[in-house]
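Down below is the structure, laid out as structure tokens.
Naming convention: chains lettered A, B, ... in sequence-line order (proteins, then strands); numbering from 1 in each chain. On a predicted model such as this, the values are computed, not experimentally measured, just so you know.
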There are 2 protein chains.
Amino acid sequence: MGTPLPRDPIADAQRNWERHGWGDVAAPMAAITAIMRTQQILLARIETVLKPFGLTFARYELLALLSFARSGALPMNKASALLQVHPTSVTNAVDRLEKAALVARSPHPTDGRTTLIELTAEGRTLAKKATAALNAEVFGKSGFGPDDVDHLIRVLGTFRRDAGDFTEE
Amino acid sequence: MGTPLPRDPIADAQRNWERHGWGDVAAPMAAITAIMRTQQILLARIETVLKPFGLTFARYELLALLSFARSGALPMNKASALLQVHPTSVTNAVDRLEKAALVARSPHPTDGRTTLIELTAEGRTLAKKATAALNAEVFGKSGFGPDDVDHLIRVLGTFRRDAGDFTEE
DNA sequence: GCAATATACTAGGACATCCAAGGGTTTGGA
DNA sequence: TCCAAACCCTTGGATGTCCTAGTATATTGC
């Protein structure tokens with residue numbers, strides 16, 4: 001990254017699309033590209049805030065998910081489903097969190113195939129602190145107005161439902 | 001991935017945030033999380049379409065950028081700035097594209113530090129085909145209505161400008 | 001003109017994500 | 001009952017992204 005560009009590169013791309021006769025899909029292309037770039041910016045902000053805690057976003061998400069589980073423990077496949085990532089990504093995150101003593105693996109009481117992940121006391125404390133930091137420094141300063149936030153939640157919610165993420169609502 | 005969840009995990013997270021007394025930032029948290037997930041879905045769609053061409057999204061973006069350059073060539077630092085990715089990411093992409101004979105490196109005529117990337121004829125042809133496929137199968141079926149597309153472009157455009165991506169407009 | 005600073009690219013390492021494949025466990029139908 | 005199919009997790013490989021140097025070339029200031 002570095003210095004700001006004089007012009008919006010995505011708007012330029014949209015004009016290029018239109019100039020080449022793809023005007024019918026130029027706008028969706030621009031919207032999708034903007035989503036990709038926005039995600040990149042937000043992820044960078046989040047990782048910057050989490051770095052002092054020794055966490056990445058992927059690991060934080062797992063900690064946060066566990067902190068909301070009533071029992072404080074979840075099967076790995078459940079975590080994979082709720083976080084919407086590949087099971088191997090969960091394995092990876094748990095490996096590192098376990099090495100940092102923030103979570104612990106334990107065998108499922110009745111299903112020998114399943115591994116439970118559980119927060120340690122240390123992990124629960126760190127999750128709280130990291131959440132407070134993210135709330136204060138990222139979510140609380142998102143830069144989106146309240147109306148925009150509502151609109152994003154609604155539009156992207158519909159998109160995710162149509163994409164097969166979930167059924168109800 | 002896999003089977004759809006019975007309920008929206010992001011809406012659940014938002015409720016959890018509210019229940020824990022973080023109601024003031026629960027909505028932005030949900031919006032940001034939705035952006036992250038939407039990016040993931042879109043990227044997966046794009047990569048699926050590009051796979052038959054032997055391209056990834058990162059490599060496609062570089063090809064597309066070059067195909068719009070008047071001279072058909074760009075300095076690597078310029079490509080890095082326009083694509084808004086780290087210079088090393090461009091090096092990585094060029095390495096692979098060069099190995100596939102889709103682009104070629106050439107020295108800058110006057111600046112010995114700079115390397116120019118240029119599309120090969122093969123690269124230009126592939127870029128055209130890949131763009132047609134993406135337009136037909138992703139951008140043309142984004143799932144976003146015209147009003148939503150306009151709104152996304154505007155809201156995310158403001159966000160990106162405020163984040164320092166560009167200045168004008 | 002020459003040294004100090006800035007710029008451009010590349011090499012190596014850390015992470016995350018996915019896919020493909022493998023080994024162990026459960027389940028369900030013949 | 002018993003074996004095949006389904007399921008769960010892990011390992012290994014490929015990609016992409018970033019960061020931190022390191023090397024080479026330009027530019028600037030004295």
Side-chain angles (χ1 to χ4, degrees), chain A residues 1-3 36-37 39-48 50-51 53-63 74-100 103 105-117, chain B residues 1-3 36-37 39-48 50-51 53-63 73-100 103-117:
Chain A
M1 330 197 332
T3 21
M36 311 293 274
R37 174 57 185 157
Q39 185 268 352
Q40 194 180 17
I41 293 168
L42 289 169
L43 181 59
R45 287 187 189 174
I46 290 171
E47 304 254 77
T48 298
L50 292 178
K51 198 179 189 80
F53 298 99
L55 292 175
T56 62
F57 187 46
R59 298 179 209 169
Y60 167 76
E61 276 196 299
L62 187 51
L63 283 189
L74 277 179
M76 298 202 45
N77 65 336
K78 194 111 182 185
S80 169
L82 291 173
L83 295 177
Q84 321 236 219
V85 295
H86 201 276
T88 53
S89 297
V90 177
T91 296
N92 187 326
V94 171
D95 283 350
R96 298 170 194 279
L97 287 171
E98 194 173 33
K99 210 165 296 180
V103 307
R105 281 181 167 92
S106 63
H108 190 285
T110 65
D111 190 334
R113 298 169 298 182
T114 301
T115 299
L116 292 177
I117 342 169
Chain B
M1 328 201 331
T3 20
M36 311 292 275
R37 174 57 185 158
Q39 185 268 352
Q40 195 179 17
I41 293 168
L42 289 168
L43 181 59
R45 287 188 190 172
I46 291 171
E47 304 254 78
T48 298
L50 292 178
K51 199 179 188 80
F53 298 99
L55 291 174
T56 62
F57 186 47
R59 298 178 209 170
Y60 166 76
E61 276 196 298
L62 187 50
L63 283 189
L74 276 180
M76 299 200 47
N77 64 334
K78 194 111 182 182
S80 168
L82 292 173
L83 296 177
Q84 320 234 218
V85 295
H86 201 276
T88 55
S89 297
V90 176
T91 296
N92 186 326
V94 171
D95 283 349
R96 299 170 194 280
L97 287 171
E98 194 173 33
K99 211 165 294 181
V103 306
R105 280 182 168 93
S106 64
H108 189 285
T110 65
D111 190 333
R113 299 169 300 181
T114 300
T115 300
L116 292 177
I117 343 169

[N] phosphate, OP1 or OP2: any side-chain N/O from [X] under 4.0 angstrom?
X      : N      : answer
A:Q40  : D:dC18 : yes
B:R105 : C:dT10 : yes
B:H108 : C:dA8  : no

- Note on the structure: Sorted by position of nearest nucleotide on DNA chain C, 5' first, the leading residue of B:V90 and A:A93 is B:V90

- Note on the structure: Picking from C:dA8, D:dC9, D:dC19, the nucleotide nearest the side-chain atoms of A:N77 would be D:dC9

- Sequence neighbours excluded, which residues qualify as salt bridge (charged side-chain N to carboxylate O under 4.0 Å, His left out) partners of A:R113? A:D111

- Task: Under the salt bridge (charged side-chain N to carboxylate O under 4.0 Å, His left out) rule, collect the residues that match up with A:E98, sequence neighbours excluded.
- Result: A:R105

- Protein-nucleotide distance (A:Q39, atom CD; C:dT17, atom P), rounded to Å: 11 Å

- Task: Round to the nearest Å and state the distance from B:K78 atom NZ to C:dC9 atom C1'.
- Result: 17 Å

- Note on the structure: Taken in chain and number order and not counting sequence neighbours, the residues that satisfy side chain to side chain contact (heavy atoms under 4.5 Å, CB included) with A:P75 are A:N77, A:K78, A:T114, A:L116

- Partners of A:Q39 by side chain to side chain contact (heavy atoms under 4.5 Å, CB included), sequence neighbours excluded? A:L43, B:I35, B:M36, B:Q39

- Message: Checking the side chain of A:Q84 only, and the main-chain atoms of B:R37 only, is there a donor and an acceptor separated by less than 3.5 Å?
- Response: no

Hey, what do you get for [atom1] ([X]) to [atom2] ([Y]), rounding to the nearest 0.5 Å?
X      : Y      : atom1 : atom2 : value
A:T115 : A:H108 : OG1   : NE2   : 10.0 Å
B:D95  : B:R59  : CG    : CZ    : 10.0 Å
B:T48  : B:F57  : OG1   : CZ    : 13.0 Å

Would you list the protein and nucleotides 25-27 of chain D atom pairs, both N or O, that sit under 3.5 Å from each other?
from	atom 1	to	atom 2	distance (Å)
D:dT25	O3'	B:G112	N	3.4
D:dA26	OP1	B:G112	N	2.6
D:dA26	O4'	B:R113	NE	3.3
D:dA26	O4'	B:R113	NH1	3.4

Any N/O pairs under 3.5 Å between the protein and nucleotides 11-15 of chain D? List them or say none.
from	atom 1	to	atom 2	distance (Å)
D:dT15	OP2	B:R96	NH1	3.2
D:dT15	O3'	B:R59	NH2	3.2

- Heavy-atom nearest nucleotide on DNA chain D taken for A:L116 and for A:K51; more 5' hit belongs to A:L116

